[in-house]
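Just so we're on the same page: letters track the sequence lines, and every chain starts at 1.
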Amino acid sequence: MRHWLMKTEPDAFGIDDLKAKGTAPWDGVRNYQARNHMRDMAVGDRILFYHSSANPSGVAGLAKVARLAYPDPSSWDPQSHYFDPAASPENPRWSMVDVTYVRTLKNFLALERLKAIPELGGMILLQRSRLSVQPVEKEHYDLIAKLGG
DNA sequence: GCCAACGTTGGC
DNA sequence: GCCAACGTTGGC
């Protein structure tokens, strides 16, 4: 089993929204590296659910992969904010997975706090902050889940 | 709202 | 295939 971190803006879709839905598609990823990470996911993989562009930003909860990567229909929907004219049902360019709510952290872990933990120094989040779907080492995942309660 | 970092596009 | 221009992300 692998571990990942996925970013979302809580104003658009936060941990409470996932909790209410139970399982939801992770649509709208339009970055190749992030997409490729989703294509590498297996059902049951664990996810750190990260709130970005938030006040404060940080890890808000835990989720897991519920469905393998499949075409993202918002990519060929002209009404969608995520529309990509180069994508079509015949030639899907973008993928998404479904994710299932696991739990909300009792202790929200703000980015500032994560930065202060030496053991987490190697996290992609802290080095290449823009990547919205990224792999996480098991040790890092476990530590964050433990501190988060 | 600013802006640094970084990804993508397109002319050549 | 280079790289300038441009667009986006995301912390602050």
Side-chain angles (χ1 to χ4, degrees), chain A residues 2-21 24-41 45-65 68-137 139-149:
Chain A
R2 301 181 68 185
H3 302 76
W4 309 91
L5 181 145
M6 300 179 86
K7 292 184 194 171
T8 173
E9 298 192 16
D11 289 348
F13 188 83
I15 190 71
D16 291 339
D17 298 301
L18 184 62
K19 184 178 184 180
K21 287 198 167 186
W26 201 273
D27 63 354
V29 170
R30 299 292 179 264
N31 169 281
Y32 290 106
Q33 214 176 344
R35 181 203 68 180
N36 292 343
H37 285 317
M38 287 198 293
R39 290 182 175 179
D40 284 341
M41 290 179 179
D45 280 0
R46 297 290 165 160
I47 299 162
L48 296 173
F49 192 103
Y50 182 89
H51 284 176
S52 63
S53 298
N55 202 3
S57 297
V59 178
L62 306 180
K64 61 185 179 182
V65 177
L68 289 177
Y70 61 105
D72 178 351
S74 71
S75 64
W76 58 77
D77 173 5
Q79 307 303 318
S80 171
H81 175 65
Y82 303 116
F83 177 63
D84 176 358
S88 68
E90 297 74 29
N91 218 338
R93 176 189 281 210
W94 302 109
S95 300
M96 62 185 183
V97 294
D98 288 352
V99 306
T100 295
Y101 176 83
V102 173
R103 64 187 164 88
T104 302
L105 296 188
K106 293 187 196 74
N107 313 309
F108 177 88
L109 292 174
L111 179 60
E112 187 182 22
R113 171 112 188 268
L114 299 177
K115 281 180 179 169
I117 300 172
E119 290 85 345
L120 300 180
M123 287 187 76
I124 293 169
L125 177 71
L126 304 180
Q127 299 190 339
R128 290 194 44 222
S129 62
R130 287 189 51 183
L131 186 60
S132 68
V133 179
Q134 53 186 259
V136 170
E137 290 179 25
E139 292 72 22
H140 296 160
Y141 179 96
D142 287 345
L143 179 57
I144 288 170
K146 181 179 153 200
L147 293 173

OP1 or OP2 of C/dT9 versus the side-chain N and O atoms of A/Lys7: is any pair under 4.0 Å? no
Let me know which of A/Val65, A/Val99, A/Val133 forms a side-chain contact (heavy atoms from CB on, under 4.5 Å) with A/Met38. A/Val133
What's the separation between atom NE2 in A/His51 and atom CZ in A/Phe108, rounded to the nearest 0.5 Å? 7.0 Å
Rounded distance (Å) that lies between atom P of C/dT9 and atom CD of A/Glu9: 8 Å
Euclidean distance, atom CG of residue A/Asp84 to atom C1' of B/dT9 [Å, nearest integer]: 13 Å
Do you see a donor-acceptor pair shorter than 3.5 Å between the side chains of A/Trp4 and A/Asp45? yes
Are the side chains of A/Ile124 and A/Leu5 in contact, using a 4.5 Å heavy-atom criterion? no
Stepwise side chain to side chain contact (heavy atoms under 4.5 Å, CB included) test for A/Arg103 and A/Leu105: CA-CA 6 Å; A/Arg103 64 187 164 88; A/Leu105 296 188; 4.0 Å; yes
So, with a heavy-atom separation below 4.0 Å from DNA chain C, the residues of residues 110-120 of chain A are A/Leu111, A/Lys115
Applying side chain to side chain contact (heavy atoms under 4.5 Å, CB included) to A/Gln33 and not counting sequence neighbours gives A/Asn31, A/His37, A/Arg128, A/Leu131
Contact class for A/Ser53 (heavy atom, under 4.0 Å): base, sugar-phosphate, or nothing? base
Determine the sole option in A/Tyr70, A/Phe83, A/Tyr82, A/Tyr32 for which the ring-ring contact (aromatic ring centres under 6.0 Å, His included) test with A/Trp94 is passed. A/Tyr32
Using a cut-off of strictly less than 4.0 Å, decide whether A/Ser57 has a side-chain nitrogen or oxygen near OP1 or OP2 of C/dG10. no
In the structure I gave you, are the side-chain heavy atoms of A/Asp72 and A/Arg30 within less than 4.5 Å of one another anywhere? yes
Nucleic acid footprint by protein, nucleotides 2-8 of chain B - heavy-atom cut-off 4.0 Å, B for base, S for sugar-phosphate alone: ---BBSS
